[in-house]
Number of protein chains: 2
Amino acid sequence: MTSRQEKAIETKKRILRTALDLFSEKGFDRVSVDEIVRKSETSKGAFYGHFTSKYDIFLEKFKEIDQFYSDFQESLPDSLPAEQKIRKLAIAQMEYLRDEMGRDGIRSLYAYALTPSVDNYLSDTERPLYAILEQLVSDGQEKGELTTSASSGQLALLLSRSMRGTLYDWAIFDGDFDLAGEIDGWLELLFRGIRN
Amino acid sequence: MTSRQEKAIETKKRILRTALDLFSEKGFDRVSVDEIVRKSETSKGAFYGHFTSKYDIFLEKFKEIDQFYSDFQESLPDSLPAEQKIRKLAIAQMEYLRDEMGRDGIRSLYAYALTPSVDNYLSDTERPLYAILEQLVSDGQEKGELTTSASSGQLALLLSRSMRGTLYDWAIFDGDFDLAGEIDGWLELLFRGIRN
DNA sequence: ATAGATTATAGACTGCGGTCTATGGAATTG
DNA sequence: CAATTCCATAGACCGCAGTCTATAATCTAT
């Protein structure tokens with residue numbers, strides 16, 4: 001590690017810290033890259049040398065959620081039925097995103113995922129979320145608790161889409177929207193079926 | 001109708017036609033407002049006099065879908081069970097959007113809906129889609145076909161969120177994605193429940 | 001018919017995210 | 001230690017969506 005590399009890492013950290021501070025203070029899209037650069041006393045060149053885009057910073061933060069998933073899954077008692085595990089995970093995830101990223105953060109992230117020709121993280125089926133969901137579903141199927149009329153992969157995708165759909169709606173609906181309550185009601189119906 | 005107003009309407013039509021042509025030719029975000037203005041031989045002033053934003057044009061087109069919903073609903077035989085009506089509507093809607101707007105169109109629309117402080121159409125619970133869904137659900141509940149553990153409004157929201165979630169995923173996933181098939185499989189599970 | 005009000009439009013301008021190029025100081029090489 | 005290479009950074013620049021202002025053509029009132 002040369003002194004130049006050390007300085008570069010310092011610069012990157014300073015940009016990251018400044019950006020996250022500003023985002024949480026003013027909201028993602030009321031902060032410009034110029035402002036981040038000015039306040040961190042760096043430059044556009046430095047910024048785009050360290051990050052591929054303004055959203056990239058956000059993505060770094062968002063990826064921390066995968067650690068949260070792992071930790072949470074491990075904290076679940078083995079004895080719990082698959083349905084309970086899945087519902088608890090979903091609720092905890094919503095609370096985490098609400099508190100850690102906020103509506104504004106989710107809105108920005110979901111908008112970025114729609115940018116053409118961007119490798120977005122949301123649709124990356126390699127992300128830990130899918131593996132964890134699939135494992136939970138698969139266990140439930142083996143124990144006879146969940147339907148086997150669809151594969152564990154399909155059910156995991158269904159569940160993750162449920163979460164995305166709920167988060168998307170949270171982002172676009174103006175009024176009150178209780179994320180945890182919404183996903184709970186949703187899963188209740190999904191598990192039970194809406195047919196009488 | 002003075003000659004001035006007539007000319008203005010002509011201008012608006014010319015911009016609209018040019019824009020839609022360019023969008024379908026090159027895709028929404030590979031067309032700039034400057035290009036629309038140049039090709040339609042008008043100006044920025046004219047463009048923003050007639051439309052509130054570049055997306056506004058798209059929204060006009062998207063709103064046509066409500067006519068489609070009405071027509072489709074009326075074409076459904078009364079004798080059909082509520083579930084069948086809802087599923088047929090959902091599938092027809094997906095085919096309509098796939099063919100009339102395309103993935104690129106949906107992507108742009110869904111990204112626009114995430115723009116802060118924009119009255120977006122997707123979350124407007126006054127749109128005909130909600131009324132139609134709620135009517136179908138309500139009929140089904142009265143006939144004892146659907147659960148009454150949630151209100152018709154809640155179930156209609158659940159169904160519309162299912163559609164949004166599926167469309168969002170269509171927009172962000174790169175590979176093959178059979179919209180009609182996905183919503184069908186989804187509703188199959190939603191109606192039946194994934195619990196064993 | 002003429003003066004004055006109105007308004008659709010032209011196009012300069014702003015602020016944004018992101019790119020490109022030049023440069024100075026550190027690293028490497030002999 | 002001198003010469004050369006390298007690369008993190010600075011900041012001018014670009015293309016974009018959207019705003020603002022000036023203007024000329026048309027409409028209205030007398």
Side-chain angles (χ1 to χ4, degrees), chain A residues 1-20 22-23 26-60 104 107-109 111-120, chain B residues 1-16 18-19 22-23 26-60 104 107-109 111-120:
Chain A
M1 174 76 68
T2 66
S3 88
R4 201 148 92 165
Q5 288 170 310
E6 271 170 27
K7 261 193 198 170
I9 287 170
E10 260 314 300
T11 305
K12 180 170 184 175
K13 277 188 192 161
R14 203 164 63 252
I15 292 172
L16 186 65
R17 202 161 1 94
T18 309
L20 289 177
L22 284 169
F23 289 162
K26 310 170 66 175
F28 183 80
D29 32 39
R30 270 181 293 278
V31 178
S32 69
V33 174
D34 277 318
E35 186 177 358
I36 296 167
V37 154
R38 215 181 312 125
K39 197 161 179 184
S40 63
E41 289 175 303
T42 54
S43 68
K44 279 268 180 87
F47 187 97
Y48 286 99
H50 291 296
F51 304 96
T52 61
S53 74
K54 181 182 164 187
Y55 304 85
D56 194 31
I57 290 181
F58 233 66
L59 209 54
E60 285 303 314
D104 197 61
R107 204 173 35 62
S108 305
L109 184 67
Y112 182 54
L114 288 168
T115 309
S117 76
V118 158
D119 260 355
N120 81 76
Chain B
M1 174 76 66
T2 67
S3 89
R4 201 146 92 165
Q5 287 170 311
E6 270 171 28
K7 260 194 199 168
I9 288 171
E10 260 315 301
T11 304
K12 180 170 183 174
K13 277 188 193 163
R14 203 163 66 252
I15 292 171
L16 186 65
T18 308
L22 284 170
F23 289 162
K26 311 171 66 176
F28 182 79
D29 30 39
R30 269 180 293 279
V31 178
S32 69
V33 173
D34 277 318
E35 187 178 356
I36 296 166
V37 154
R38 214 181 312 124
K39 197 162 178 182
S40 63
E41 289 175 302
T42 55
S43 69
K44 279 274 182 78
F47 187 96
Y48 285 99
H50 291 295
F51 303 96
T52 60
S53 77
K54 183 182 163 189
Y55 304 85
D56 194 31
I57 290 182
F58 233 65
L59 210 54
E60 287 300 315
D104 196 61
R107 206 173 33 62
S108 305
L109 183 65
Y112 182 53
L114 288 168
T115 309
S117 76
V118 158
D119 260 355
N120 81 76

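All heavy atoms count here, side chains included; hydrogens, waters and symmetry mates do not. Letters A, B, ... mirror the listed sequences (proteins, then strands); counts begin at 1.
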>> I want to confirm an ordering. Mapping B/S32 and A/H50 to their closest nucleotides on DNA chain D, which one lands closer to the 5' end?
In response: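 Result: A/H50.
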> Of A/R4 and B/Y112, whose nearest nucleotide on DNA chain D comes first from the 5' end?
Replying inline: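 Between the two, 5'-proximity favours A/R4.
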>> From CG of B/D34 over to P of C/dG11, roughly how many Å is that when rounded to an integer?
In response: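 After rounding, the gap between these two atoms is 12 Å.
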>> Distance check needed: D/dG18 C1' versus B/D56 CG, whole Å only.
In response: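 After rounding, the gap between these two atoms is 13 Å.
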> Counting only non-hydrogen atoms, which of residues 7-19 of chain A are less than 4.0 Å from DNA chain C?
Replying inline: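 Correct list: empty, so none.
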> Hey, can you pull the residues of residues 35-49 of chain A with a non-hydrogen atom under 4.0 angstrom from DNA chain C?
Replying inline: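 A/K44, A/Y48 - these, ordered by number, are the residues of the stretch whose heavy atoms sit under 4.0 Å from the strand.
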> When you look at B/F23 and B/S108, which way does the side-chain contact (heavy atoms from CB on, under 4.5 Å) test go after all the steps?
Replying inline: CA-CA 11 Å; B/F23 289 162; B/S108 305; over 6 Å; no
> Under 4.0 Å between a Lys/Arg side-chain N and an Asp/Glu carboxylate O for A/D29 and A/K54?
Replying inline: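 Here A/D29 does not pair with A/K54 in a salt bridge, since their nearest N and O are not under 4.0 Å apart.
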>> Starting the side chain at C-beta, find the nucleotide from C/dG17, C/dA27, D/dG18 nearest to A/V33.
In response: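 Side chain of A/V33 sits closest to C/dG17.
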>> Just verifying a value: how many Å separate A/T115 OG1 and A/N120 CG, rounded to the nearest 0.5 Å?
In response: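 The OG1 atom of A/T115 sits 8.5 Å away from the CG atom of A/N120.
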> Just wondering, are more than 12 heavy atoms of other shown residues or ligands nearer than 6.0 Å to CD in B/E41?
Replying inline: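 At most 12 heavy atoms, drawn from other residues, nucleotides or ligands, come within 6.0 Å of this atom.
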Return all side-chain donor-acceptor pairs below 3.5 angstrom for residues 4-18 of chain A, not counting sequence neighbours, or 'none' if the list is empty.
| residue | atom | partner | partner atom | Å |
| --- | --- | --- | --- | --- |
| A/Q5 | OE1 | A/T2 | N | 3.0 |
| A/Q5 | OE1 | A/T2 | OG1 | 3.4 |
| A/T11 | OG1 | A/K7 | O | 2.9 |
| A/R14 | NE | A/S40 | O | 3.0 |
| A/T18 | OG1 | A/R14 | O | 2.6 |

>> Using the rule given for ring pair (Phe, Tyr, Trp, His ring centres under 6.0 Å), can you reason through A/F28 versus A/F58, listing the C-alpha separation, both sets of side-chain angles and the distance that settles it, and then say yes or no?
In response: CA-CA 9 Å; A/F28 183 80; A/F58 233 66; 4.9 Å; yes
